[in-house]
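Letters A, B, ... mirror the listed sequences (proteins, then strands); counts begin at 1.
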There are 2 protein chains.
Amino acid sequence: MRLSKRGEYGLRAMIALAEPADKSATPQMMQIKAISLREQISPKFLEQILLTLKNAGLLHSKMGVGGGYYLARSAKEITLGQIFRVLDGPVAPVKCVSHMSYEPCGCPDEATCGLRLVMGDVRNAIADILDNTSLADVTKRQNAVRKKLASKK
Amino acid sequence: MRLSKRGEYGLRAMIALAEPADKSATPQMMQIKAISLREQISPKFLEQILLTLKNAGLLHSKMGVGGGYYLARSAKEITLGQIFRVLDGPVAPVKCVSHMSYEPCGCPDEATCGLRLVMGDVRNAIADILDNTSLADVTKRQNAVRKKLASKK
DNA sequence: TATAAAGTCTATAGTACTAGTATGCTTTTA
DNA sequence: TAAAAGCATACTAGTACTATAGACTTTATA
């Protein structure tokens, strides 16, 4: 059930872009290089990933000197599910329970297939989390943990 | 987040073995060929899978004429999580949230890594389902659906 | 207006994994 | 003792993963 490196890096990069570096309200713009350094990702690989995300409409970019990538929408309006699906495909463990890209599986009777019933639950559990967690939720949570750790010291 | 064919076939086979074919209380024994026909799986591939499951202690077998495979424990005592892990490895999407086979990931600070927090939730959601669903639960549920469908007609 | 910084796009390559196949072996029962 | 059944291992074709490389385009600014 693993997340590919592509998906992992893409999610990390999006989270990085969602973090308000300074108190400026303008969408944070970051360069590939900056993200790759910070997250320890091969810059060329990251480039590919960000491009995919851009073509999917989740990121915008500005070319030229002083350019970079920034979120296409506010961090509240981008969910992890959207990012995941662009980079790693359907959430469902088997196609026959996928909402977004259903395909029949081989089993004799889908309606009573026990595996399908359970995998449907699994799909829903994953999708529930991913589709109801926005980038803003993630950064909020990070900050909460940071605060908690700081107060403990 | 997909389930491999190996995992899918293995789970299907185990569910098939858990279904009480007749009212006999003795553990149901089935031959590779019977399972492969019923579930439409290449017999040779299935053989490999069942062998793996056997070596993991989830199945027992009887050699020779009239032999076959049967569950090592009662259907109530075998969870889908056990089967899944043998065939597809850890449930966790990233190693750094795996309970069964933890490994550190590259992020600068695991404690406050947003991706890790969310993926931890995902892992728990999946593991909750897989580890709390036994083969008996699956067959029970199948029967419930069958009954429901039959009564609707 | 030249130049360097930055993103765009396509191709390719090594590696590992997937989904099987193939082959020969041993055990058991009729 | 022959046939049925499982045991074990090796092999392979295809695909996906994880990048890497290189040439091109756009933009700011000196």
Heavy atoms under 4.0 Å, any strand shown: does [X] hit a base, just sugar-phosphate, or nothing?
X       : answer
A/Ile32 : sugar-phosphate
A/Lys33 : nothing
A/Arg6  : base
B/Lys54 : sugar-phosphate

Check ion pair [X]-[Y] (N to O, under 4.0 angstrom):
X        : Y        : value
A/Glu39  : A/Lys33  : no
B/Asp109 : A/Arg146 : no
A/Glu103 : B/Arg2   : no

Is any N or O donor-acceptor pair between the side chain of B/Lys44 and the base of C/dT23 shorter than 3.5 Å? yes
Does the D/dT20 base have a donor-acceptor partner in the side chain of A/Gln48 within less than 3.5 Å?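 Indeed, a donor on one side and an acceptor on the other fall under 3.5 Å apart.
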Is it true that A/Gln142 and A/Thr139 share a donor-acceptor pair across their side chains at a distance under 3.5 Å?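 No donor-acceptor contact under 3.5 Å links the two side chains.
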The test is side chain to side chain contact (heavy atoms under 4.5 Å, CB included); show your working for A/Tyr69 and A/Leu51 and say whether it passes. CA-CA 9 Å; A/Tyr69 284 93; A/Leu51 197 54; 4.2 Å; yes
[X] side-chain N/O to [N] phosphate OP1/OP2 under 4.0 Å:
X       : N      : result
A/Ser61 : C/dA6  : no
A/Tyr70 : C/dA6  : no
A/Ser42 : D/dT20 : yes

Expressed in angstrom and rounded to an integer, what is the separation of [X] atom [atom1] from [N] atom [atom2]?
X       : N      : atom1 : atom2 : result
B/Lys5  : C/dG20 : NZ    : C1'   : 12 Å
A/Ile41 : D/dA19 : CD1   : P     : 10 Å
B/Glu39 : C/dA19 : CD    : C1'   : 18 Å
A/Gln40 : D/dT18 : CD    : C1'   : 17 Å
B/Leu51 : C/dT26 : CG    : C1'   : 13 Å
B/Arg12 : C/dA19 : CZ    : P     : 13 Å
B/Leu50 : C/dA19 : CG    : C1'   : 15 Å
A/Phe45 : D/dG22 : CZ    : P     : 19 Å

What's the closest nucleotide to the [X] side chain, out of [options]?
X       : options               : answer
B/Arg2  : D/dG6, D/dA8, C/dT18  : C/dT18
B/Met63 : D/dT18, D/dA8, C/dT26 : C/dT26
A/Tyr9  : D/dC7, C/dT21, D/dA19 : D/dA19

Report the residue (A/Val65 or A/Glu47) whose heavy-atom-nearest nucleotide on DNA chain C is the more 5′ of the two. A/Val65
Please say whether more than 12 non-hydrogen atoms of neighbouring residues, nucleotides or ligands are located less than 6.0 Å from CZ in A/Arg141.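 Atom CZ in A/Arg141 is crowded, with more than 12 foreign heavy atoms closer than 6.0 Å.
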